[in-house]
Amino acid sequence: MMQSEFEVAGRTREVTVTRTGDGFAVAVDGHTWNVDAARIDGQTLSLLVDNVWRKSYDIIATPDPATKQLTVHVGTTPVTVARNGRRRGRKESGASGAGPQRVFAPMPGKVVRILVKAGEAVRARQPLVVVEAMKMENELRAGRDGTIADIHAQEGASVDAGALLIIIQ
Amino acid sequence: MMQSEFEVAGRTREVTVTRTGDGFAVAVDGHTWNVDAARIDGQTLSLLVDNVWRKSYDIIATPDPATKQLTVHVGTTPVTVARNGRRRGRKESGASGAGPQRVFAPMPGKVVRILVKAGEAVRARQPLVVVEAMKMENELRAGRDGTIADIHAQEGASVDAGALLIIIQ
Amino acid sequence: MKKILIANRGEIAVRVIRACREMDIAPVAVYSECDRTALHVRYADEAYPIGPSEPRESYLRIERIVDAALKAGADAVHPGYGFLAENSAFAAAVRDAGLIFIGPTPKAIETMGSKTAARAAAKRAGVPVVPGTEDPIASDAPDAKIAAVASSIGYPVLVKAVAGGGGKGMRTVTDRQELSSAVRAARSEAGAAFGDAAIYLERQLTRPRHIEVQLLGDAHGTVLPFVERECSIQRRHQKVVEETPSTAVSPALRQAMTSAAVAVARAVGYTNAGTIEFLLDQDGRFYFLEMNTRLQVEHPITEMVTGVDLVQWQIRIARGERLALDPAALVTPKGHSIECRVYAEDPDNHFLPSPGRIVALRTPGGPGIRDDSGAAAGLDVPIFYDPMISKLVAWAEDRPRAIARMRRALGEYRVAGIKTTVPFFIWLLAQAEFVDATFHTTYLDEVLQARHGRPFVEPTPEVEEIAAIAAAVQAVLSPAPVGPQNGASSAACRGQWKSHARAEALRGM
Amino acid sequence: MKKILIANRGEIAVRVIRACREMDIAPVAVYSECDRTALHVRYADEAYPIGPSEPRESYLRIERIVDAALKAGADAVHPGYGFLAENSAFAAAVRDAGLIFIGPTPKAIETMGSKTAARAAAKRAGVPVVPGTEDPIASDAPDAKIAAVASSIGYPVLVKAVAGGGGKGMRTVTDRQELSSAVRAARSEAGAAFGDAAIYLERQLTRPRHIEVQLLGDAHGTVLPFVERECSIQRRHQKVVEETPSTAVSPALRQAMTSAAVAVARAVGYTNAGTIEFLLDQDGRFYFLEMNTRLQVEHPITEMVTGVDLVQWQIRIARGERLALDPAALVTPKGHSIECRVYAEDPDNHFLPSPGRIVALRTPGGPGIRDDSGAAAGLDVPIFYDPMISKLVAWAEDRPRAIARMRRALGEYRVAGIKTTVPFFIWLLAQAEFVDATFHTTYLDEVLQARHGRPFVEPTPEVEEIAAIAAAVQAVLSPAPVGPQNGASSAACRGQWKSHARAEALRGM
């Protein structure tokens, strides 16, 4: 039996997996499902889950380098899943909560222009920095109102996906 | 530098591989080629070989369970390659040389009928045993004239690919 | 109709699933033990186990399939082809369970399923049949009696399964000495394949062509024929390449054959998709051979030249729709289409089956190519079923271009882990008889015999040298890297690989 | 013509390779450092390195590409689209090296490549153009002067690259305040994309449709138009979905637009494949927008409804053949076709590029589906190039069925390792505006803005629960087995796996 806590699409779920004769009994927040699971390869699973019907789910589960979370594709629907304790606060751009907002490069590219200065007040959706990748200029915008606390990017510099560019206080 | 002897489509070849700056110098029976090799995955290679032109070869190389040799697909053309010392005499069915002829099951299946008896004289292409696989009955035939020395198969038995069925002396 | 259970596996189950999805109908799969990870199970909305891998314990078990359909709350059952597709008891059991059988009536299946009864029905409809026995040969008939019948028909004679199809349980006999062993083999194979060991005899025509007419019949009395398919490229009576239209069929002959096909179908009150098979002799006369009361493997080529989705129409007919199709368009092909049945067989070893794990698979794509497949890398081709892994279909404006396109597509095909018939097709499509379409149903067997097992794609000295280089270089490059692909590329693409390494590290989550 | 060098990469290079093979012409690839293992290199007969990954150091280096063509002994060069495809200096360099350029003359490229010169040519041919500046804006024009020009045209105004294409270097400006920054951004992007920072201004029509006409012109004076393509589904002026025919074009309008297109092409002595783009306003009036003097990304949908292989015809025209096509058939579409450009972008994160390693890939197949791809599992989508990984094309008898088929195909698409726009397309094809074809060129940007970045496919409670189950079960099942797939299946398929184990043991050879 294995018990874990997962954050699924932002909500915490208690999941308990118990091996049965020919599959698994999986309890999610107390409700138990009979699951026949077959591994296809490192990231692909086939699940048959007994409910009213015996439904087939085609699963690809891969870690997301930018957010350090697991992306579970249920068919073509991507769902973000994090095991509790492992999740990192990477994808806060656009979040409206308290604390500093960190703006990360969402893809590798070149910083073409920085449009703000440290100490400058910014409004939600105001462009902060322009990153060129794959021949397109992409504006990264502020997720909420605030003040530029720190700029880690340099114009002309190449950055990797996930690189910290700007902090808004 | 690595030196080896390969049997390619039945002919022995001396092959020497030397790493160069950006690829390999590969000598086959004394003639040297400049080879740019890139591995795609466990069994797939891309070779660019400088000759008059710089030719591109799409390679899939997999071991053949039935013959214990390597099947190298150059594009869609399969070529049997054995490293010397490793080759086993598995694929002798149909060979016309001296020595006993061993008839192996070429695929897993069920022995439906054995058509000969030990000590019986057989002619080339005479049916010896019928193996059912994938809903078809497949007759295995004698590769040359001879006498049945031994029968290892039993009617009704399931056999694996490569199982020895009959020896003709 | 909201939910359809597909009583089949492999590529045809995937084909029916696709039709369901495009019609907003939920597809339900069934599977045997060794098909748990097959694509048809993963593509379906629901999947129900129906027993062990042996077909007789699963895909041929009527009650288990009907149970699964009822459990799933399905409205209808699609049989695909093979297995129970031409089993009238299955069609009846589905109907008796209150479900719709997507196919003809049990009565029509039964009549045409008996090849001898079908020949009688064709005769009654005024369509000529190949000379042969009127009734099945009794199971206890002595050899001498069978030999007398064969003599009266005239050699060469074909021993055929009464419940036959797909060339199974069929043997050619050129003289009396071969007759008893051929009858025994055919009975045994027929019993294994159809659960019915009955056989009959038919005269083997001299170098005929196999021409067939696809039909659709609705429940309102309309029967529509499609442009003919040419299926003369056969190995041991099994089709390996099909094309449409046929170079041997003139507009007048097309008119005559499609009319004859409709007459036979009407004679048995036929509904849904079916095919009338004819033999066309060297003098241009055609004979009814048999009717297949189901979808056929070669249905895609008809879809390619007419634009009609035959599987969707099967469903639409089953739910009572009228055939809203332009009859003239169905017999007016646009362009030319060819299908190659890609089998897990070793063409260089007498076409013996080559089941196993597909280690790598790259299928062709691009203009005019359709790959109807049930295979994927990492999956197994099981020993228990038909070894067809894919129907590779090409379309082009005309026959020469369709051949060129198919050759291009075959050249793109990469399969590792199992042998396939791809090298054989590359050889076949380059033969003058194929290019000139001068073939007939025994052409392939004749030429194969004459080749004495010579490999279909013989490596040139250049290719042999490259194979040696590849084997040597692969040994030096081993083992396979798990991260970046190779040194040069790795350095060149730096930037995304730092991230990739992080991804690799997280994989264990 | 025996050998063609393809001066491109990715899916379009693979597309041209396929055309070459079907015509028995040897295809030659070129590649940058990070494309060493790309499919176009592996599919070609020969491959030559042309420099580092940065396009300016490789795919945009005219002299390196011409050198490679000469070294390979090629007869001709196919430019694909993007990179040097509309660079007249490249076409001239190829010609001057004694090779055939598969495309129009350098002169025609130059004329139509300047969007302002092209507008002048259209006007001279009697075809209306969108109101705007006659000449490029001077690079040192003061902001005030540009603003005055904009005011005289009337807001909203479009800032466009004179050397433009593919929506690059284009900005919409709704009032004067945005003008300078838009001009600056457009200049910078245009300079990066085309090596030419010149821009001009054009009035933005109110909710027009983008309708374009594909043409082929041979060297003997024949110019033939094809049925129109509807390309109004655009994001930031880049096409994302195209279809043919357009629901907005009546037979009379088709006649008028195709005639206008031919008039423009004739005015510049156009040969080979090209496309005249029009805007169609809400009153049914159309305006010349620009001409693309090359093959277009959306060419497959025209191939699907006409059966004509445009790439093969490019080659045939280049070697001097006459256009042996029935003009009436080209403007009489058979059925309906839709293309979705599958990009390595994260639609749920402002469509930002998502380069990286494709860990798993399963592409759709079956009836009516064509996947023109340059991607494969295990390969990287590099950061340096356009992030399009595949053109997914559907064909069916009519538009509703083509949409249903495309939705089915999108549902089959599986990509892991990178984000793609597949979930976005699944959402888009379900929108009433798409289903009813009431869209226009700003529809998508408007609806995207209104959605405020909401995910395109939001998981249902059921899907969230399944995701949790999958994550938990995957952790229990780890690590991935290298041999048999899973316990149940392994036992069921015993027989072939003993052999498989032997195969695994031999892998090290």
Of the non-hydrogen atoms in [X] and [Y], which two are nearest, and what is the gap between them?
X      : Y      : answer
B/T76  : C/G411 : CG2-O, 3.5 Å
C/A470 : B/L45  : O-CD1, 3.7 Å
C/Q474 : B/G42  : NE2-O, 3.5 Å
C/S188 : B/R113 : OG-NH1, 4.0 Å
B/E132 : C/A192 : OE1-CB, 4.2 Å
B/V81  : C/A467 : CG2-CB, 4.1 Å

Can you tell me how far apart CD1 (C/I383) and NZ (B/K110) are? Round to the nearest 0.5 Å. 10.5 Å
Measuring from atom CD of C/E458 to atom OG1 of B/T77, what distance do you get when rounded to the nearest 0.5 angstrom?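 C/E458 CD to B/T77 OG1: 10.5 Å, rounded to 0.5 Å.
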In sequence, state the C-alpha distance, the side-chain angles, and the governing distance for B/D58 and C/R362, and then conclude on side-chain contact (heavy atoms from CB on, under 4.5 Å). CA-CA 12 Å; B/D58 192 30; C/R362 202 174 71 209; 2.8 Å; yes
One pair to check against side-chain contact (heavy atoms from CB on, under 4.5 Å): C/E465 and B/V49. What are the steps and the verdict? CA-CA 11 Å; C/E465 205 137 317; B/V49 180; over 6 Å; no
With side-chain contact (heavy atoms from CB on, under 4.5 Å) as the test, would you mind laying out the steps for B/L47 and C/I469 before giving the verdict? CA-CA 9 Å; B/L47 299 184; C/I469 291 172; 4.1 Å; yes
Over 12 foreign heavy atoms within 6.0 Å of CZ, B/R11: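 No, CZ of B/R11 has 12 or fewer neighbouring heavy atoms, counting only those of other groups under 6.0 Å.
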Enclosure of B/E155 CD (heavy-atom neighbours >12, cutoff 6.0 Å):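 More than 12 heavy atoms, drawn from other residues, nucleotides or ligands, come within 6.0 Å of this atom.
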Looking at C/H350, C/E464, C/R414, C/E412, which one has more heavy-atom pairs under 4.5 Å with chain B than the rest? C/R414
With respect to chain B, which residue among C/I418, C/I466, C/I426 yields the maximal number of heavy-atom pairs within a distance under 4.5 Å?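 Highest number of pairs under 4.5 Å: C/I466.
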Applying a strict 4.5 Å limit to non-hydrogen atoms, the region of C/E345 in contact with chain B is neither
Taking the side chain as C-beta and beyond, is there a heavy-atom pair between B/L140 and C/L352 under 4.5 Å?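 The answer is yes; the side chains approach within 4.5 Å.
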